[in-house]
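Every chain is numbered from 1 and lettered A, B, ... according to where its sequence line falls, protein lines coming before strand lines. Since we're looking at a predicted model, the values are computed, not measured.
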Number of protein chains: 2
Amino acid sequence: MNTLAEENYLKSIYHLSLNSQSVSTNQLAALLNTKAASVTDMLKKLADKQLINYARYQGVSLSAAGEKIALQIVRKHRLWEYFLVEKLNFKWDEVHEMAEEMEHISSMELVNRLDKFMNFPKYDPHGDPIPDSDGNFKAHELKPIGTIEVGGSGIISGVRDHSAGFLQYLEKQQLTIGKKIKVTEINEYDNSMILQADDKKIHISREVANNLLIVI
Amino acid sequence: MNTLAEENYLKSIYHLSLNSQSVSTNQLAALLNTKAASVTDMLKKLADKQLINYARYQGVSLSAAGEKIALQIVRKHRLWEYFLVEKLNFKWDEVHEMAEEMEHISSMELVNRLDKFMNFPKYDPHGDPIPDSDGNFKAHELKPIGTIEVGGSGIISGVRDHSAGFLQYLEKQQLTIGKKIKVTEINEYDNSMILQADDKKIHISREVANNLLIVI
DNA sequence: TAATAAATTTAGACAAGTCTAAATTTTTAA
DNA sequence: TTAAAAATTTAGACTTGTCTAAATTTATTA
Ligand SMILES: [Mn+2]
Ligand SMILES: [Mn+2]
Ligand SMILES: [Mn+2]
Ligand SMILES: [Mn+2]
């Protein structure tokens with residue numbers, strides 16, 4: 001079918017497409033840790049295969065066929081992450097690299113049985129939605145805590161930064177998926193926030209507030 | 001670490017080494033579905049890495065370092081096969097190709113947790129022993145049913161032929177791992193055998209008898 | 001033991017994916 | 001609205017793993 005490199009490019013285009021209409025060569029190079037020239041070569045290949053819409057110098061987007069493939073890879077990635085956390089007891093900051101390999105296991109039947117084995121989870125350990133076998137999913141209506149006013153509240157449901165460092169920090173502060181929080185104070189000087197969670201007061205910086213997502 | 005191709009070569013050398021002291025270029029080419037010239041190229045590479053003992057025209061064997069790696073791949077292959085059968089309800093003839101991909105997932109921590117999750121199984125769905133994290137395992141004392149005399153009995157514990165066709169045939173005849181059987185008759189004309197299993201009489205050809213292994 | 005056959009290796013080529021350096025196009029901004 | 005800067009593509013090279021065809025070595029057998 002498609003090579004490992006092709007799958008990684010399609011997935012990266014998919015992720016970058018969530019923030020912008022069209023994706024640039026440099027964006028892809030940065031995300032894939034490669035050089036712009038290499039990206040251009042691959043874009044030509046993917047365009048030949050009709051998996052992307054690509055015009056020289058104009059950026060790139062997924063074709064319907066390309067998006068379908070990308071969604072299957074995202075599905076596998078998130079289901080394996082769920083497996084690693086729920087069945088093998090890994091922490092949420094430990095699973096990404098492993099899933100990065102596992103998402104390329106090709107059998108569809110395998111991923112569908114894995115899905116069933118885990119009772120069709122809807123969200124992965126980081127709160128990201130898991131596409132079903134047709135590629136459909138429903139994303140949460142997420143807002144950064146940073147956009148909430150004093151008195152507002154919600155349930156932690158996702159992160160914008162998936163780095164292990166950020167996830168470990170949240171874990172330590174007990175700011176994990178599913179926790180109900182309320183904004184009790186916003187410091188005017190540095191825009192840091194004080195949250196009420198369970199019986200605890202938790203002080204978070206503006207940067208953390210911008211990367212932690214809640215459902216209201 | 002090692003590439004996917006290198007891992008597959010090491011594993012193949014390991015398997016072929018079980019039947020002969022040293023492994024030939026042509027044996028590897030046949031097992032890996034490749035050409036002898038390609039095998040020679042890879043043997044040079046593995047010899048440079050000190051993973052095999054190789055002298056031109058003289059065949060090849062694994063070095064201690066190479067065997068260690070091969071055993072880890074075999075461990076992963078068999079543990080994933082066990083997972084697929086025991087947790088995801090695949091049949092024993094369906095899992096080999098998937099495990100062929102999964103055996104290359106690199107994380108040791110992952111495979112060790114998987115092992116624990118499944119309660120440290122000792123044998124895979126085909127009766128092959130699963131090495132522990134140090135590469136140690138204990139193989140069954142296996143004999144082909146074909147070597148048993150009339151009146152002899154034992155427990156089905158392995159297969160010599162791992163092909164889906166053979167496994168499906170055995171499944172249909174209910175000749176599966178763990179079943180107790182007894183040889184009740186040997187046909188002089190074609191050396192076929194009649195087995196008693198539970199309350200059933202099962203007639204098997206000499207070819208099947210040679211590929212079905214029991215513990216006495 | 002000499003010739004033939006079989007096994008193995010070498011030589012030279014190719015596809016995939018990547019890189020650096022140079023050329024081209026687009027964007028920005030004076 | 002043009003010159004400089006930034007982004008992107010092209011050209012040419014390299015690595016990995018593979019192949020075919022030819023050369024070499026080993027094994028077989030007459
Ligand atoms: Mn995730
Ligand atoms: Mn197998
Ligand atoms: Mn494999
Ligand atoms: Mn097996």
Side-chain angles (χ1 to χ4, degrees), chain A residues 1-17 19-62 66 69-70 73 100-101 103-104 106, chain B residues 1-17 19-62 66 69-70 73 100-101 103-104 106:
Chain A
M1 257 303 288
N2 302 295
T3 66
L4 187 133
E6 286 167 351
E7 288 193 350
N8 283 332
Y9 273 87
L10 291 173
K11 190 185 57 161
S12 294
I13 296 168
Y14 173 82
H15 285 311
L16 291 170
S17 294
N19 301 317
S20 51
Q21 197 55 30
S22 131
V23 174
S24 75
T25 300
N26 271 352
Q27 281 180 294
L28 279 167
L31 186 57
L32 286 161
N33 259 297
T34 184
K35 296 296 146 71
S38 310
V39 173
T40 299
D41 289 341
M42 181 58 92
L43 293 184
K44 284 190 215 156
K45 207 169 307 178
L46 293 173
D48 283 350
K49 287 183 141 194
Q50 317 230 44
L51 298 176
I52 58 173
N53 311 114
Y54 171 59
R56 254 155 70 264
Y57 293 102
Q58 298 312 131
V60 69
S61 64
L62 291 174
I69 294 167
I73 301 164
E100 206 62 32
E101 295 181 47
E103 72 193 0
H104 302 289
S106 57
Chain B
M1 257 305 290
N2 301 297
T3 67
L4 188 132
E6 287 167 349
E7 289 193 348
N8 283 331
Y9 273 87
L10 290 173
K11 190 185 58 161
S12 294
I13 295 168
Y14 173 81
H15 285 311
L16 291 171
S17 293
N19 300 319
S20 49
Q21 196 55 29
S22 129
V23 174
S24 77
T25 301
N26 271 353
Q27 280 179 295
L28 279 167
L31 185 57
L32 286 162
N33 259 295
T34 186
K35 295 297 147 72
S38 309
V39 173
T40 299
D41 288 343
M42 181 58 90
L43 293 184
K44 284 189 215 156
K45 207 169 307 179
L46 293 173
D48 282 350
K49 288 182 139 196
Q50 319 229 41
L51 299 176
I52 58 175
N53 310 114
Y54 171 58
R56 256 155 72 264
Y57 293 102
Q58 299 311 132
V60 69
S61 63
L62 291 174
I69 294 167
I73 301 165
E100 204 61 34
E101 295 181 47
E103 72 192 359
H104 303 288
S106 57

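- Legend: residues meeting side chain to side chain contact (heavy atoms under 4.5 Å, CB included) with A:Gln27, ordered by chain and number and at least two apart, are A:Leu16, A:Ser20, A:Val23, A:Ser24.
- Between chain B and DNA chain C, the heavy-atom contact criterion of under 4.0 Å yields a 5' to 3' nucleotide range of C:dA7 to C:dT10.
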List, one per line, each side-chain donor-acceptor pair under 3.5 Å for residues 40-50 of chain B, sequence neighbours excluded.
| from | atom 1 | to | atom 2 | distance (Å) |
| --- | --- | --- | --- | --- |
| B:Thr40 | OG1 | B:Ala36 | O | 3.2 |
| B:Lys49 | NZ | B:Asn2 | OD1 | 3.1 |
| B:Lys49 | NZ | B:Glu6 | OE1 | 2.9 |
| B:Lys49 | NZ | B:Glu6 | OE2 | 3.4 |

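- Rounded to the nearest 0.5 angstrom, A:Glu103 CD and A:Leu4 CG are separated by 8.0 Å.
- The two residues A:Ala70 and A:Tyr14 make their nearest non-hydrogen contact at CB-CB, 3.7 Å.
- The stretch residues 1-9 of chain B has no heavy atom under 4.0 Å from DNA chain C, so no residue of it qualifies as close.
- Partners of A:Asn26 according to the side-chain hydrogen bond (donor to acceptor under 3.5 Å, both in side chains) rule, which considers only residues two or more places apart in sequence or in another chain, do not exist here.
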Full working for side chain to side chain contact (heavy atoms under 4.5 Å, CB included) between A:Leu51 and A:Ile13: CA-CA 11 Å; A:Leu51 298 176; A:Ile13 296 168; over 6 Å; no

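- Evaluation of the side-chain hydrogen bond (donor to acceptor under 3.5 Å, both in side chains) rule for B:Glu7 yields B:His104 as partners, not counting sequence neighbours.
- Shown for residues 21-37 of chain A: residues whose heavy atoms fall under 4.0 angstrom of DNA chain C, namely A:Thr34, A:Lys35, A:Ala37.
- B:Glu101 pairs by the side chain to side chain contact (heavy atoms under 4.5 Å, CB included) definition with A:Ile105, A:Ser106, not counting sequence neighbours.
- Between B:Lys45 and D:dG17 there is a side-chain N or O to OP1 or OP2 distance below 4.0 Å.
- Annotation: proximity of residues 50-60 of chain B to DNA chain C (heavy atom, distance under 4.0 Å) is found for B:Tyr54, B:Arg56, B:Tyr57, numbered in ascending order.
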Side chain to side chain contact (heavy atoms under 4.5 Å, CB included) between B:Ile52 and B:Leu10, intermediate numbers included: CA-CA 8 Å; B:Ile52 58 175; B:Leu10 290 173; 4.1 Å; yes

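- In this structure, B:Tyr9 and B:Val39 have side chains that are in contact, with non-hydrogen atoms separated by less than 4.5 Å.
- Scored by the side-chain hydrogen bond (donor to acceptor under 3.5 Å, both in side chains) test, B:Ser12 finds no partners at all (sequence neighbours excluded).
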